[in-house]
Number of protein chains: 2
Amino acid sequence: MTDDPDSPAPRPAGARRGRPPSNALTRERILDAALALLEREGPEALTLRRLGADLGSNHTAVLRYFAGKDDILLGLAERLIAEAVEGFEPGPTWRATLAGLARRVRRACLAHPALAVLVASRVSRRDAEFRGADLVIGALLDAGFAPREAARHYRALVDVTLAMSSFEAASAVLDGADREGDRMAWRREYLAASPRRFPHLASVAPHLAGADEDDQFEFVMELLLNAVETRLGGGA
Amino acid sequence: MTDDPDSPAPRPAGARRGRPPSNALTRERILDAALALLEREGPEALTLRRLGADLGSNHTAVLRYFAGKDDILLGLAERLIAEAVEGFEPGPTWRATLAGLARRVRRACLAHPALAVLVASRVSRRDAEFRGADLVIGALLDAGFAPREAARHYRALVDVTLAMSSFEAASAVLDGADREGDRMAWRREYLAASPRRFPHLASVAPHLAGADEDDQFEFVMELLLNAVETRLGGGA
DNA sequence: ACCTGAACACCGTTCAAGT
DNA sequence: ACCTGAACACCGTTCAAGT
């Protein structure tokens, strides 16, 4: 991809042979460095100054390629959704397609939690997102929904998937950085909640610690897709 | 509540009559000011310096009452969940209870989007949260679920409700501040997506702009609670 | 054409000093 | 006991100046 023959990238005049000057900035190189920085040190490490240092440039140089820090974030958002969608093929049933895509979105968010937490609510409205939308809506139309119902279900599924994935990413980032064992603290304190004041809570507390995040996500998707299937049969 | 007779709040010695020195800092007064600041100017306006100015104090004075900015956020998080839960009474059916509480959580988040966006993933693990958990779990046990299933369903409902509410809050904040008409831009660009490349998307695009956020939330909750009800009947 | 360096107007947190 | 003020180590963005 980078050596696409009709790539418009201007080849610096000084690079006659040997490796090109490694400090040549491009949008792609800047996004690579930003992603690496996020991965290494978490969401608040992404600053223009740190980024400039990693790139071997002045911290203001990247502003020639992006309108500002926010613009970098938008570029990263498109990468995240692209990672979730690219290469995905519809499954044998509409249900497999929907569940599969939801899992891919979640996996991409958990693979880059520091990124997901920064950009999950920033829809990119670009290519990768449209491809994902087209896949989901195609599966719903395939299942038999009329356009209006397909649109409603699409938004329900996408909202729940994205919201839950970014929510999980947020606590993954917290666990890693600020909070010591947030997840464990959560379990401990729920177990310690006063049984007199919160009797229902106390009676199921041991089970709250049980299921892990993967199971919970699968469970929510199962509930949702069951409901969708029921609506399909019941003359929705 | 504030004039609880056995309140441990130290009454400043100098306050003999007339109004007490209005600059006396307390945790409550600091949280009030922080909330007002968030409401007025959005999430990034909450800085210790701005807060100090609003309180008529040096910006470092609040650090005598909170361990740091993060500690203030945690205090605000507890207020948010308290607002959602306080005064809530279980409905006539378990389903009404669950839907009602979900709506209250969402409404609190949308009433304070700048706050919700900062703290939604920071569970407070304190009183108000336990009360909410107890209500939801109580409704599920009431419905007939065994403890283990009640715990699974509780987490599914709470995760979806919180995640969607904070997700919506995030875009409400964006709409208000950074992005011009983000919601409208979304509709416009989805309508403009290439029908050749994204045929399914194009065929339902007019309907995507239709349903508003309130309807979508109700729809998701309906799907979820339908699925829960089905599990109950089907020998889950 | 591309990058640098200084400057500007901000941050959160620490800590010695005031009253 | 409570607060201030200066200092420290950071931010993002602008803009004139260099090469």
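These figures come from a predicted structure and were not determined experimentally. We name chains A, B, ... by the order of the sequence lines, and we start the count at 1 in each one.
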Q: Provide, to the nearest angstrom, the distance between the CG atom belonging to Leu48(B) and the P atom belonging to dG12(C).
A: 4 Å
**Q.** For atom CG of Asp71(B) and atom P of dT14(C), their distance in whole Å
**A.** 12 Å
Q. Mind checking the C1' distance from dC15(D) to dC3(C)? Whole angstroms is fine.
A. 13 Å
(Q) How many whole angstroms separate atom CG of Leu55(B) from atom C1' of dC2(D)? (A) 15 Å
**Q.** Arg50(A) bridged to Asp54(A) by N-O distance under 4.0 Å
**A.** no
Q) Side chain of Lys69(B): nearest nucleotide among dT13(D), dC2(C), dT13(C)? A) dT13(C)
Q.
Between P on dC11(C) and CD1 on Ile72(B), what's the gap in Å once rounded to a whole number?
A. 13 Å
Q: May I have all residue pairs that pass salt bridge (charged side-chain N to carboxylate O under 4.0 Å, His left out) and include part of residues 162-172 of chain B, sequence neighbours excluded?
A: Arg106(B)-Glu168(B)
Q. Can you tell me how far P of dC11(D) sits from CG of Asp70(A), to the nearest Å?
A. 18 Å
Q: Before accepting this row, confirm whether a basic side-chain N of the pair Glu86(B)/Arg104(B) lies closer than 4.0 Å to the acidic partner's carboxylate O.
A: no
**Q.** Pairwise P distance for dA9(D) and dA9(C), with rounding to whole Å
**A.** 22 Å
Q.
Salt bridge or not between Asp214(B) and Arg107(B)? Use side-chain N to carboxylate O under 4.0 Å.
A. no
Q.
Please pick, from dT4(D), dG12(C), dG12(D), the nucleotide with the shortest atom-to-atom distance to any side-chain atom of Ala61(B).
A. dT4(D)
Q.
When you measure from the side-chain N and O atoms of Tyr65(A) to the phosphate of dC3(C), is any distance below 4.0 Å, counting only OP1 and OP2?
A. yes
**Q.** 5′-ward residue of the pair Ala45(A)/Asn58(A) relative to DNA chain D
**A.** Ala45(A)
Q: Write down the distance between CG (Leu46(B)) and P (dC10(C)), rounded to a whole number of angstrom.
A: 16 Å
Q) Less than 4.0 Å between a side-chain N and a carboxylate O, is that true for Arg152(A) and Asp215(B)? A) no
Q. Base, sugar-phosphate, or nothing for Phe66(B), non-hydrogen atoms under 4.0 angstrom?
A. nothing
Q. Who pairs with Asp71(A) by side chain to side chain contact (heavy atoms under 4.5 Å, CB included), at least two apart in sequence or on another chain?
A. Arg27(A), Phe66(A), Ala67(A)
Q.
Quick check for you: among dG5(C), dC3(C), dT14(D), whose closest atom lies nearest to any side-chain atom of Leu63(A)?
A. dT14(D)
Q.
From CZ of Arg64(B) over to C1' of dT14(C), roughly how many Å is that when rounded to an integer?
A. 11 Å
Q | Polar pair under 3.5 Å, donor/acceptor by atom type, side chain His59(A), base dT13(D) | A | yes
Q.
What does the 5'-to-3' dot-bracket notation of DNA chain C look like when only Watson-Crick and G-U wobble pairs under 3.5 Å count, and pairs to other strands show as |?
A. ||.|||||...|||||.||
Q: Start with the C-alpha gap between Tyr65(B) and Glu28(B), add the side-chain angles, then the distance that decides, and say whether side-chain hydrogen bond (donor to acceptor under 3.5 Å, both in side chains) holds.
A: CA-CA 10 Å; Tyr65(B) 298 85; Glu28(B) 291 311 304; over 6 Å; no
Q) Got a donor-acceptor pair under 3.5 Å from the side chain of Thr60(A) to the base of dG5(C)? A) yes
Q | Closest listed nucleotide, where the reference is the side chain of Ser57(B) and the choices are dT4(D), dC3(D), dA7(C) | A | dT4(D)
